[in-house]
Amino acid sequence: MINIIHTKSGMQDEVARWREAGLSVALVPTMGSLHEGHLSLVQQAALRADKVVVSIYVNPSQFGENEDFDKYPRTLDDDVQKLAQTGQCHAVYAPSSMYDDQHSTMIVPAGAADGLESLTRPHFFTGVATIVLKLFQHVPAHSAIFGEKDFQQLSVVRQMARNLDLQIDIIGAATVRDTHGLALSSRNHYLSADQLSIAPQLYQQLCIIAQRVRQGDIQELVIADARRALQNAGFDEVDYLEICDAVTLKPVQNNLQTPIRILGAARLGATRLIDNIALDETDALA
Ligand code: PAF
């Protein structure tokens with residue numbers, strides 16, 4: 001039986017009891033609508049900690065005015081059932097609200113938060129950093145696991161933990177993909193059958209970019225070709241395709257010595273997909 005906790009004090013007390021007993025604790029922050037990708041984060045958490053807490057909270061402050069906050073899937077009972085089946089989750093933290101009426105302090109990250117997602121979602125990382133810091137206060141775990149699927153988010157959280165001396169290890173976990181290469185995401189539910197058949201192209205183009213950059217092709221041309229390929233495949237808009245330093249997330253030009261991450265975001269109708277791979281990731285070109 002998973003303990004479902006709705007209050008800050010209830011959650012803090014539970015973690016305090018575990019810590020007093022000498023047990024290690026890992027947090028998996030989520031917005032619910034759990035899929036295999038989330039369950040793999042739970043698996044990672046269970047490998048490194050005695051107790052695993054999954055938080056489920058759809059955080060209003062990371063959604064823009066015209067985004068999908070209202071229609072974001074809320075499936076707590078289902079989620080708890082899936083977590084129970086893993087046998088690896090000890091508590092679900094499901095607060096009804098994380099902000100009181102007087103809330104007026106936000107974390108505004110720069111550095112890794114600049115560019116990429118922030119170009120089209122300028123509010124996003126302020127909302128994410130603020131809620132993640134609050135979750136760390138409510139669930140004072142030894143480590144927290146974030147998916148690499150949201151690589152810029154992972155980088156922003158790592159940067160915040162470093163910059164603000166947070167006493168928590170931030171762990172990145174590999175993206176889980178479907179058999180066609182599409183990164184699992186709660187927003188994939190929004191895609192029609194047609195759109196679902198186009199969506200894996202984003203990953204495939206990231207793999208092609210990686211392959212061509214590795215063989216020394218000119219980056220601007222490689223990106224322009226990938227952008228065109230996505231548009232021809234049926235994507236309505238390509239927000240960005242960028243080759244970045246994997247730590248700072250600044251665009252790299254000719255220096256391929258540092259670890260490199262290739263990141264992309266593109267829209268299919270009203271749904272926005274994001275994905276990324278490491279430059280040296282072996283690709284899965286079908
Ligand atoms: O990745 C998510 O689901 C969310 O951005 C997070 C980290 C749970 C913060 O609301």
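Position 1 is the first residue of the sequence; numbering continues from there. This one's a predicted model, so the numbers in the text were calculated from it and none came from an experiment. Every number for a ligand or one of its atoms is a count from 1 in the order of the listing. These numbers come from the heavy atoms of this one structure, side chains and all, not from hydrogens, waters or symmetry mates.
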* Asked: Do the side chain of Asp79 and the main chain of Leu34 share a donor and acceptor less than 3.5 angstrom apart?
  -> yes

* Are the charged groups of Glu237 and Arg272 less than 4.0 angstrom apart, N to O? ->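 The answer is no: the pair does not qualify as a salt bridge.
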
* **Salt-bridge contact Asp280-Arg214 (side-chain N to carboxylate O under 4.0 Å)** => no

* To do: Answer with yes or no after comparing the ring centroid distance for Phe63 and Phe124 against a 6.0 Å cut-off, counting only values under it.
  =>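 Here the rings of Phe124 and Phe63 have centres that are no less than 6.0 Å from each other.
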
* Asked: Quick one: does ligand 1 sit under 4.0 Å from the side chain of Thr30, the backbone, both or neither, non-hydrogen atoms only?
  ->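 The answer is the backbone of Thr30.
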
Output the list of atoms in ligand 1 that are nearer than 4.0 Å to some heavy atom of [X], sorted by atom number.
X: Ile131; value: 9 (C), 10 (O)
X: Gln62; value: 4 (C), 5 (O), 9 (C), 10 (O)
X: Pro29; value: 8 (C)

* To do: Do me a favour and list the nearest non-hydrogen protein atom to atom 2 (C) of ligand 1 with residue, atom name and distance?
  =>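 So the nearest neighbour among protein heavy atoms is Gln153 NE2, 3.8 Å.
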
* With sequence neighbours excluded, what pairs up with Asp150 under the salt bridge (Lys or Arg N to Asp or Glu O under 4.0 Å) test? -> none

